[in-house]
Amino acid sequence: MTLDTQTGRDIAHAAALLQSAEVVAMPTETVYGLAGNALDADAVLKIFKAKNRPFFDPLIVHTHAISEIGRYVKGIPGQLRPLMELFMPGPLTVLLPRTGLIPDLVTSGLDRVAFRIPAHPLALSLLRSIDFPLAAPSANPFGYISPTTAAHVQAQLGGVIPYILDGGPCQVGIESTIIGMEGDTVVVYRLGGLAIEQIERHTGSLKVMSHSSSDPAGPGMLESHYAPRTPLIVGDIAALMLEHSGSKIAVLSFSKKYDVPRNYILSPQGDIDMAAKRLFAGMRELDATDADLIIAESLPMGGLGRAVNDRLQRAAAK
Ligand code: TXA
Ligand code: MG
């Protein structure tokens, strides 16, 4: 069945759909999410179906306050609470021991649940207007690039979901940073929109768990993720252009302009936050050209550069 997907800013309408166990696309500061009632396994099932997502890949649950998170977890470790107080709302997700209120489907049966408070006014209004938290993975078909505009969501989930709450382009542009505890240590499970340096200022040097394709149910995440359909290679652009001169090339560059017909410049000013914000839109735009190959370069490693490079590596891992 094909739905007539509406786009708008009607929070009451979105809330009414969610209350009747429907799924709705919701803006956040990182990427758009595909939201459903996290306490209702039927609604959660609809999320997995709409995304074609495997059940071993758990979902992040969204609320509007730390006190709300407290209702669904057994406790908040002492090292994590100050980080939550500092960075929530914001691009930070924490893994916490769950209570039985959270369905198995949400966590893929794992004993921790991922919680996040999005720093987006429409998302926060929506969350305050309902009395349940929202499970919301990125609003893209499984394995494809995350959406950072309502139009990106419409292009891929139009006809599949009833409503897209349009909050404009996402201000951060890459998914949240995921942290949790291993024993007494704070561990980073996914690099993301909150730079590691910002967290390390409060925790000291952090352990970053690398991702793996063989153990996706471990919080490491799937390696081949965020991938355009067109093959993507990361390296030195000039060298790769020479090497692939026989192919139709598209270039995803950080700040330099290249003399090719298809070039998306992430930030002409060389601003890393701007580059993160435009990364997924750039991948989509180049993926929509007739190029056979996308050539991309890494960013400097500081700040969000590290998370952007992680996304480029994953896009290339396909
Ligand atoms: O910025 C974001 O985090 C966005 C917006 C919509 O909030 N959401 C997002 O969700 O990126 P998603 O589904 O694309 O990524 C969720 C990832 C999973 O793939 C998994 O790696 C991790 O979060 N995760 C979720 N729950 C977990 C759990 N219980 N244990 C370990 N990892 C978990
Ligand atoms: Mg995702």
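In listed order, ligands and their atoms are each counted from 1.
- Within 6.0 Å of atom CG in Asp290, more than 12 heavy atoms from other residues, nucleotides or ligands are found, so the atom counts as buried in its surroundings.
- Residue contact check: Arg112 has heavy atoms under 4.0 Å from atoms 28 (C), 29 (N) of ligand 1.
- Remark: ligand 1 and Thr30 share an N or O pair separated by less than 3.5 Å (distance only, no angle test).
- Between His152 and Tyr32, the ring centre distance reaches or exceeds 6.0 Å.
- An N or O contact shorter than 3.5 Å links Arg116 to ligand 1 by distance.
- Between Asp310 and Arg314 there is a salt bridge, with a side-chain nitrogen of the basic residue lying less than 4.0 Å from a carboxylate oxygen of the acidic one.
- Under the 4.0 angstrom criterion for non-hydrogen atoms, Met26 is not in contact with ligand 1.
- Shown here are the side-chain contact (heavy atoms from CB on, under 4.5 Å) partners of Glu297, two or more places apart in sequence or in another chain: Ile237, Ser253, Phe254, Tyr258.
- Residue contacts with ligand 1 do not include Pro118, since none of its heavy atoms lies under 4.0 Å from the ligand.
- With sequence neighbours left out, the salt bridge (Lys or Arg N to Asp or Glu O under 4.0 Å) criterion links Asp111 to no other residue.
- Among Glu175, His120, Arg190, the residue whose heavy atom lies nearest to atom 15 (O) of ligand 1 is Arg190.
- Atoms of ligand 1 found under 4.0 Å from any heavy atom of Ala114, numbered from 1 in the order shown, are 25 (C), 26 (N), 27 (C).
- Close approach to Ile60 involves these atoms of ligand 1, each under 4.0 Å from a residue heavy atom: 3 (O), 8 (N), 9 (C), 10 (O), 16 (C), 23 (O).
- For the pair Ser176 and ligand 1, the shortest N or O to N or O distance falls below 3.5 Å.
- Using a non-hydrogen distance threshold of 4.0 Å, His62 registers as a contact of ligand 1.
- For a threshold of 3.5 Å applied to N or O pairs, the pair formed by Arg53 and ligand 1 contains at least one separation below that value.
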